[in-house]
A.B. asks: 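The structure under discussion is supplied below as structure tokens; questions concerning it will follow.
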Amino acid sequence: MGSPHWKRLCLLFLAGLTSSLLLYGHYYTTVESPTSQRIIASLLQPELLVLAPPRTSHRTGSRTGTLEGSSESVKSSKPSTELKEPKPRRKQVHHAFASVMARAKADPKFGKIFRFNTPGCSMWDQHFTPETWERLKTRHVPYGWQGLPYRVVGSTLQQLNTSANRHLFNKDAFPRGCIRCAVVGNGGILNGSRQGKAIDEHDLVFRINGAVIKGFEEDVGTKISFYGFTVNTMKNSLIAYEEYGFTQIPQGKDLRYIFIPSDARDYIMLKAAIQGSPVPEGSDKGDKPQKYFGPEASAEKFKLLHPDFLQYLTARFLRSALLNTQYGSLYMPSTGALMLLTALHTCDQVSAYGFITSNYEQFSDHYYELEKKPLVFYANHDMMLEAMLWRSLHRAGIMSLYQR
């Protein structure tokens, strides 16, 4: 049976062991919690996707009948929210050849927002399936096909049947492996910037809407790889900026056009452009696409952003407080914002020029205006939210925002 002295020693040993296990368990659960538990805890927290404080809503305007900067647009007053530079969360280390993906994944905030494994941004014929139609017909444009005729969407996507339509560009054509992209907005900050050479040194250059080049080459460069637009913004740009020399949208053998499908007219115009025939119906009936895109505009020259991609960009990066107001059905990110976010999901390095900055009041609305005009805020965009996003991405080292 053993002596009483030995029994007392065993009891003391067991008591000490139990105390040690209890203390370690407390330490483990409070300091060294398993990774899986920390992940589950983080998933239970709501993910805040709005990157700027809510602001007061603006007066209503039409998504399909107005354009940023057009004299016919419904304008809104200056937003009450002041644009302030976000405070850095931590010291940023910039590596010369770190990719957008690497930097985004390493960032504590944007690592949760970016989804690089989402379907490609470009839509082509193989995306038009019965399942996709049933799903997207419940969402309004540009995030779906609600109200659009089945034949219009289907017949247009059937034209996008080459491998070139599947991706924005062929990465194998860039042997260096690091594709540097510049996205050029039309902000007045570029007037006198002398950034033309730096812009043209990029592998690919995106431009949008009223992209006036002649006479401003020293500030905005001449290179253009992609021209992004909706039919509405393209046509209104040709009207609003004609006095500044914008009488023709860019054309060129290697130039590609990125359609943002904000209305049925975008699908109808795209199909007519590929077929080389006049627009058969709608508000652009009788229009000849060749005058916009050139006489040899084959299917390979056109890209169509996927509604699911636009939904993802809006929900995760630019979920505006306007969505919760009476103007929610009008809201969509600006053309420039969609092009910049598209580049951030397809290029290795991205530089943004001519986008809104914290000191936007110092510059004219557009770089080609002879007299300074204040930046105009429109009811269907949230420019202050976009500005906060660009500043945050720049601060995180995910992209470079030109400022002065």
A.B. asks: Side chain of Ser320, backbone of Leu323: donor and acceptor closer than 3.5 Å?
C.D. replies: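 The answer is no, because no donor-acceptor pair under 3.5 Å joins these two groups.
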A.B. asks: Report the C-alpha distance between His202 and Ser351 in whole Å, list the side-chain angles of each, state the deciding distance to 0.1 Å, and finish with yes or no for side-chain hydrogen bond (donor to acceptor under 3.5 Å, both in side chains).
C.D. replies: CA-CA 9 Å; His202 288 77; Ser351 301; 3.2 Å; yes
A.B. asks: Flag the pair Tyr331 / Arg319 as yes when at least one side-chain heavy-atom distance between them is below 4.5 Å, and no otherwise.
C.D. replies: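 When only atoms from C-beta onward are counted, Arg319 and Tyr331 do not touch, as no gap falls below 4.5 Å.
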A.B. asks: Counting only heavy atoms not in Arg166, do more than 12 fall under 6.0 Å of its CZ?
C.D. replies: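 No, the 6.0 Å shell around CZ holds no more than 12 heavy atoms from other groups.
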A.B. asks: Is Asp219 reaching over with its side chain to a backbone N or O of Arg194, donor-acceptor style, under 3.5 angstrom?
C.D. replies: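 Yes, the answer is positive, given that a donor and an acceptor are paired below the 3.5 Å cut-off.
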A.B. asks: Work out which heavy atom in Gly276 is nearest to a heavy atom in Gln290; give both atom names and the distance.
C.D. replies: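 Closest approach of Gly276 to Gln290, heavy atoms only: O-NE2, 2.7 Å.
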A.B. asks: How about Cys121 and Thr346: do any of their side-chain heavy atoms sit closer than 4.5 Å?
C.D. replies: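 Yes, their side chains come closer than 4.5 Å.
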A.B. asks: Closest heavy-atom contact between Gln146 and Thr138?
C.D. replies: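 For Gln146 versus Thr138, the nearest heavy atoms are NE2-O, 3.1 Å.
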A.B. asks: In terms of side-chain geometry, is the basic nitrogen of Asp365 or Lys372 positioned less than 4.0 Å from the acidic oxygen of its partner?
C.D. replies: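 No, this pair does not count.
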A.B. asks: Ser364 side chain to Lys373 main-chain N or O, any donor-acceptor pair under 3.5 Å?
C.D. replies: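 Flag set: sc Ser364 to bb Lys373 pair under 3.5 Å.
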A.B. asks: Tell me the closest heavy-atom pair linking Pro280 and Ile268, and the distance in Å.
C.D. replies: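 Looks like CD-CG2, 4.0 Å.
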A.B. asks: For the residue pair Tyr368 and His366, does the interplanar ring angle fall in the parallel (under 30°), tilted (30 to 60°) or perpendicular (over 60°) class?
C.D. replies: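 Geometry flag for His366 against Tyr368: parallel rings.
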A.B. asks: In Å, rounded to the nearest 0.5 Å, how long is the span from OG1 of Thr335 to CD1 of Ile258?
C.D. replies: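 Nearest 0.5 Å value for the OG1-CD1 distance: 11.5 Å.
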A.B. asks: Are Phe229 and Tyr227 an aromatic pair, judged by ring center distance below 6.0 Å?
C.D. replies: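 Yes.
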A.B. asks: May I ask you to check whether Thr230 and Asp266 show a side-chain donor-acceptor distance below 3.5 Å?
C.D. replies: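 No donor-acceptor contact under 3.5 Å links the two side chains.
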A.B. asks: Going from OG1 on Thr222 to CD1 on Ile213, what distance comes out if it is rounded to the nearest 0.5 angstrom?
C.D. replies: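 These two atoms lie 6.5 Å from each other.
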A.B. asks: Just to verify, what does Thr247 make a side-chain contact (heavy atoms from CB on, under 4.5 Å) with, not counting sequence neighbours?
C.D. replies: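 Applying side-chain contact (heavy atoms from CB on, under 4.5 Å) to Thr247 gives Glu242.
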A.B. asks: Which label fits His345 and Phe116: parallel for a plane angle under 30°, tilted from 30 to 60°, or perpendicular past 60°?
C.D. replies: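 His345 vs Phe116 ring planes: tilted.
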A.B. asks: Can you check side-chain hydrogen bond (donor to acceptor under 3.5 Å, both in side chains) on Ser334 and Glu386, steps first, answer last?
C.D. replies: CA-CA 9 Å; Ser334 68; Glu386 293 183 11; 2.8 Å; yes
A.B. asks: May I ask you to check whether Phe128 and Trp145 place their ring centers less than 6.0 Å from one another?
C.D. replies: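 Yes, they do, as the ring centres are separated by less than 6.0 Å.
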A.B. asks: Ignoring hydrogens and angles, state whether a donor on the side chain of Thr162 or Asn165 is under 3.5 Å from an acceptor on the partner side chain.
C.D. replies: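 Yes, a side-chain donor-acceptor pair sits under 3.5 Å.
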A.B. asks: So Val184 and Gln195, do their side chains get closer than 4.5 Å, heavy atoms only?
C.D. replies: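 Side chain of Gln195 against side chain of Val184, heavy atoms only: no contact under 4.5 Å found.
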A.B. asks: Could you give the distance from CG (Leu385) to CG (Leu322), rounded to the nearest 0.5 Å?
C.D. replies: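 Answer for the CG-CG pair, Leu385 versus Leu322, is 8.5 Å.
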A.B. asks: Verify, without hydrogens or angle tests, whether Gln251 (side chain) and Tyr292 (backbone) share a donor-acceptor contact under 3.5 angstrom.
C.D. replies: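 It does hold such a pair.
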A.B. asks: When rounded to the nearest 0.5 angstrom, what distance separates CD1 in Ile189 from OH in Tyr367?
C.D. replies: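 If I round to the nearest 0.5 Å, the distance is 13.5 Å.
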A.B. asks: Pair Met384, Met388 - check side chain to side chain contact (heavy atoms under 4.5 Å, CB included), show working.
C.D. replies: CA-CA 6 Å; Met384 300 303 283; Met388 293 297 290; 5.7 Å; no
A.B. asks: What closest approach, in Å, do Ser262 and Val141 show between heavy atoms, and which atom pair accounts for it?
C.D. replies: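 Of all heavy-atom pairs spanning Ser262 and Val141, the closest is O-CG2, 3.2 Å.
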A.B. asks: Do Met123 and Pro307 have side chains that get closer than 4.5 Å, going by heavy atoms?
C.D. replies: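 Side chain of Met123 against side chain of Pro307, heavy atoms only: contact under 4.5 Å found.
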A.B. asks: Of the non-hydrogen atoms in Ser237 and Asn209, which two are nearest, and what is the gap between them?
C.D. replies: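 What the structure gives for the nearest pair is OG-CB, 3.4 Å.
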A.B. asks: Under 4.0 Å between a Lys/Arg side-chain N and an Asp/Glu carboxylate O for Glu134 and Lys137?
C.D. replies: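 Salt bridge present between Glu134 and Lys137.
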A.B. asks: Please name the pair of heavy atoms, one in Gly188 and one in Phe363, separated by the smallest distance, quoted to 0.1 Å.
C.D. replies: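 That closest heavy-atom pairing would be C-CB, 3.8 Å.
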A.B. asks: Phe169 versus Cys347: any side-chain heavy-atom pair under 4.5 Å?
C.D. replies: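 Answer yes - side chains close enough.
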A.B. asks: Between the main-chain N or O of Gln248 and the side-chain N or O of Lys291, is there a donor-acceptor pair closer than 3.5 Å?
C.D. replies: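 Not at all, since once roles are kept as given, no pair shorter than 3.5 Å links the two residues.
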A.B. asks: So, Asp348 side chain and Val100 main chain: donor-acceptor pair closer than 3.5 Å or not?
C.D. replies: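 No, the answer is negative, given that no donor and acceptor are paired below the 3.5 Å cut-off.
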A.B. asks: Taking C-beta and beyond as the side chain, do Met234 and Ile249 meet within less than 4.5 Å on heavy atoms?
C.D. replies: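 Counting from C-beta outward, Met234 and Ile249 do come under 4.5 Å.
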A.B. asks: Please answer whether the main-chain N or O of Gly196 pairs with a side-chain N or O of Glu217 as donor and acceptor at a distance below 3.5 Å.
C.D. replies: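 Pair absent, no side-chain N/O of Glu217 close to backbone of Gly196.
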A.B. asks: Is the closest side-chain donor-acceptor distance between Tyr143 and Thr314 under 3.5 Å?
C.D. replies: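 Side-chain D/A pair, Tyr143 to Thr314: present.
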A.B. asks: Show your reasoning for whether side chain to side chain contact (heavy atoms under 4.5 Å, CB included) applies to His140 and Leu148.
C.D. replies: CA-CA 9 Å; His140 66 78; Leu148 301 184; over 6 Å; no
A.B. asks: Look at the rings of Phe114 and Phe317 and say which category their plane angle falls in: under 30° parallel, 30 to 60° tilted, over 60° perpendicular.
C.D. replies: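 Because their plane-to-plane angle is over 60°, the rings of Phe114 and Phe317 count as perpendicular.
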A.B. asks: Distance check, rounded to the nearest 0.5 Å: Ile260 atom CD1 versus Phe309 atom CZ?
C.D. replies: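 Answer for the CD1-CZ pair, Ile260 versus Phe309, is 10.5 Å.
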A.B. asks: Residues in side-chain contact (heavy atoms from CB on, under 4.5 Å) with Thr129, at least two apart?
C.D. replies: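 Thr129 satisfies side-chain contact (heavy atoms from CB on, under 4.5 Å) with Glu131, Thr132 once adjacent residues are dropped.
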A.B. asks: Might you work through the ring pair (Phe, Tyr, Trp, His ring centres under 6.0 Å) test for Phe226 and Tyr257, ending with a clear yes or no?
C.D. replies: CA-CA 6 Å; Phe226 296 100; Tyr257 298 102; 9.9 Å; no
A.B. asks: Begin from the C-alpha positions of Leu375 and Ile356 and carry the test side chain to side chain contact (heavy atoms under 4.5 Å, CB included) through to its verdict.
C.D. replies: CA-CA 9 Å; Leu375 177 64; Ile356 183 172; 3.5 Å; yes
A.B. asks: Indicate yes or no for a side-chain donor-acceptor contact from Asn359 to the backbone of Arg404 under 3.5 Å, with no hydrogens or angles considered.
C.D. replies: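 The answer is yes, because a donor-acceptor pair under 3.5 Å joins these two groups.
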A.B. asks: Side chains of Phe206 and Leu168: does their closest heavy-atom pair fall under 4.5 Å?
C.D. replies: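 Of all side-chain heavy-atom pairs linking Leu168 with Phe206, at least one is under 4.5 Å.
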A.B. asks: Using distance only, find each side-chain donor-acceptor pair of residues 149-158 under 3.5 Å and give its atom names and separation, not counting sequence neighbours.
C.D. replies:
| residue | atom | partner | partner atom | Å |
| --- | --- | --- | --- | --- |
| Arg151 | NH1 | Glu281 | OE2 | 3.0 |
| Arg151 | NH2 | Glu281 | OE1 | 3.1 |
| Ser155 | OG | Arg151 | O | 2.6 |
| Ser155 | OG | Val152 | O | 3.4 |
| Ser155 | OG | Lys271 | NZ | 3.3 |
| Thr156 | OG1 | Val152 | O | 2.8 |
| Thr156 | OG1 | Tyr267 | O | 3.0 |

A.B. asks: Taking the six-membered ring for Trp, are Phe377 and Tyr360 parallel (under 30°), tilted (30 to 60°) or perpendicular (over 60°)?
C.D. replies: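 Rings of Phe377 and Tyr360: perpendicular, as their planes differ by over 60°.
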A.B. asks: Do side-chain atoms of Arg207 reach the backbone of Ala211 as a donor and acceptor pair under 3.5 angstrom?
C.D. replies: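 Between the backbone of Ala211 and the side chain of Arg207 there is no qualifying donor-acceptor contact (under 3.5 Å).
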A.B. asks: Taking Ser122's backbone N and O only, do any of them form a donor-acceptor pair with His167's side chain (distance below 3.5 Å, no angle check)?
C.D. replies: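 Side chain of His167 to backbone of Ser122, a donor-acceptor pair under 3.5 Å: no, none is there.
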A.B. asks: How many angstroms lie between CZ in Phe174 and CG in Asp203, if you round to the nearest 0.5 Å?
C.D. replies: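 The CZ atom of Phe174 sits 5.5 Å away from the CG atom of Asp203.
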A.B. asks: Would you call Asp107 and Lys112 a salt bridge, using N to O less than 4.0 angstrom?
C.D. replies: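 Salt bridge flag = no for Lys112 with Asp107.
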A.B. asks: With the threshold set at 4.0 Å, does a side-chain nitrogen-carboxylate oxygen contact exist between Arg139 and Asp308?
C.D. replies: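 Salt bridge present between Arg139 and Asp308.
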A.B. asks: So do Lys301 and Phe293 actually touch side chain to side chain, heavy atoms under 4.5 Å?
C.D. replies: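 With C-beta onward as the side chain, the pair stays apart.
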